[in-house]
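Down below is the structure, laid out as structure tokens.
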There are 2 protein chains.
Amino acid sequence: MQDHLSQTFSALSDPTRRAILAKLSKGEANVSDLAEPFLKDMSLPAITKHLKVLEKAGLITKTREAQWRSCKLNGAPLRDASAWMEHYRVFWEESFNRLDEYLKTVTGKVSKGKRNGRKK
Amino acid sequence: MQDHLSQTFSALSDPTRRAILAKLSKGEANVSDLAEPFLKDMSLPAITKHLKVLEKAGLITKTREAQWRSCKLNGAPLRDASAWMEHYRVFWEESFNRLDEYLKTVTGKVSKGKRNGRKK
DNA sequence: CAGTTAATTAACTATACGGTTAAATATAAA
DNA sequence: TTTATATTTAACCGTATAGTTAATTAACTG
């Protein structure tokens, strides 16, 4: 098996799973509720598998009540993944600055936002 | 092929690739420089493949000068991935609050940080 | 030109992944 | 006890992924 961060990013690398998380962000839901929007595209066992991936990554937890499994979003792994990305923030803000420089040369104007003056 | 976000998360789901990005965050580097720390564990073609994955995900760009390919980190896809995660921030801060509540019951004290009073 | 260095491509292999259908499990309801 | 509902498991399939070794491309160097 792999490290936590790899497992998290891997779990997030599928649009169905991200959609499931999006739905869970609106509140707990059981498997059939979660599956419903996807049943035109895939079978229920496919959803079960996706939920297993999310569960192993720690992104959701399931609790059983009678024959229903209620799923709940767990943010902790996202916190770690987000923290990892923060180290790179400077790289996308830098590219914003380059865009800013570019716009200045094109329009003679300067966009709003940071502008930590790269002279020349 | 898949959507951008899936491609980004997928590219990030490998520790070798994340290590490559970490090294590139310290400055541009060519392929052999990037490969060097990994050559005990894997071959050069393996690195070439990892770089291709990163390149297709838009996380790096390669420029050639003579027989060297210089690689440079590109933050834009990380910005998008990070923005996606931001929607879930409340879920990891919420769990912090629950920890906070728990600590309060155990120690009678309250930790520093936000405390948007969930009474009862 | 011959040789060296940097990196990629080709061909192959093993395993993981995302899906399927059919069968099994578990609880509730009649 | 049968039937219905919710969900999972098993077995399978095709494709993608991560690695290998060997061969190839491309540019520089003596």
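Here is the naming used below: chain letters follow the sequence lines, and residue numbers restart at 1 for every chain. Keep in mind that this is a model prediction, so the values were computed, not measured.
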Exercise. Measure from CZ on Arg17(A) to C1' on dG19(C) and round the result to the nearest Å.
Key: 12 Å
Quiz item: Leu54(B) CG to dA18(D) P: how many Å, rounded?
Solution: 10 Å
Quiz item: Any idea which heavy atoms bring Ala19(B) and Phe38(B) closest together, and the distance?
Solution: CB-CZ, 3.5 Å
Exercise. Indicate whether OP1 or OP2 belonging to dT17(D) is found under 4.0 Å from a side-chain N or O atom of His50(B).
Key: no
Quiz prompt | Contact nearer the 5' end of DNA chain C, comparing Val53(A) with Trp68(A) | solution = Val53(A)
Practice problem: Please determine, for the side chain of Ala46(B), which listed nucleotide (dA27(D), dG19(D), dA18(D)) has the closest atom? | Solution: dG19(D)
Exercise. By nearest nucleotide on DNA chain C, pick out whichever of Arg64(A) and Ser13(A) is the more 5' one.
Key: Ser13(A)
Self-check item: Exercise: identify the closest heavy-atom pair between Pro77(B) and Thr8(B)
Solution: CB-OG1, 3.7 Å
Quiz item: Where is the tightest heavy-atom contact between Leu51(B) and Ile60(B), given as atom of each residue plus distance?
Solution: O-CD1, 3.7 Å
Exercise. Give the minimum heavy-atom separation between Gln7(A) and Gln2(A), together with the two atoms involved.
Key: OE1-O, 3.8 Å
Quiz item: Which of the following nucleotides, dT27(C), dA18(D), dT20(C), is nearest to the side chain of Asp14(B)?
Solution: dA18(D)
Quiz item: Do side-chain atoms of Tyr88(A) reach the backbone of Ala22(B) as a donor and acceptor pair under 3.5 angstrom?
Solution: yes
Quiz prompt | Nearest-Å distance for atom pair CG/C1', residues Leu12(A) and dC17(C) | solution = 16 Å
Quiz prompt | Lys/Arg-Asp/Glu bridge criterion (N-O < 4.0 Å) met for Asp3(A), Arg18(B) | solution = yes
Please list, pair by pair, any protein nitrogen or oxygen found under 3.5 Å from a nitrogen or oxygen in nucleotides 8-16 of chain C.
from	atom 1	to	atom 2	distance (Å)
dT8(C)	OP1	Lys62(B)	NZ	2.8
dT8(C)	OP2	Thr48(B)	OG1	2.9
dT9(C)	OP2	Lys52(B)	NZ	3.1

Practice problem: Classify the nucleic acid contact of Asp33(A) as base, sugar-phosphate or nothing, counting any heavy atom under 4.0 Å across all strands shown. | Solution: nothing
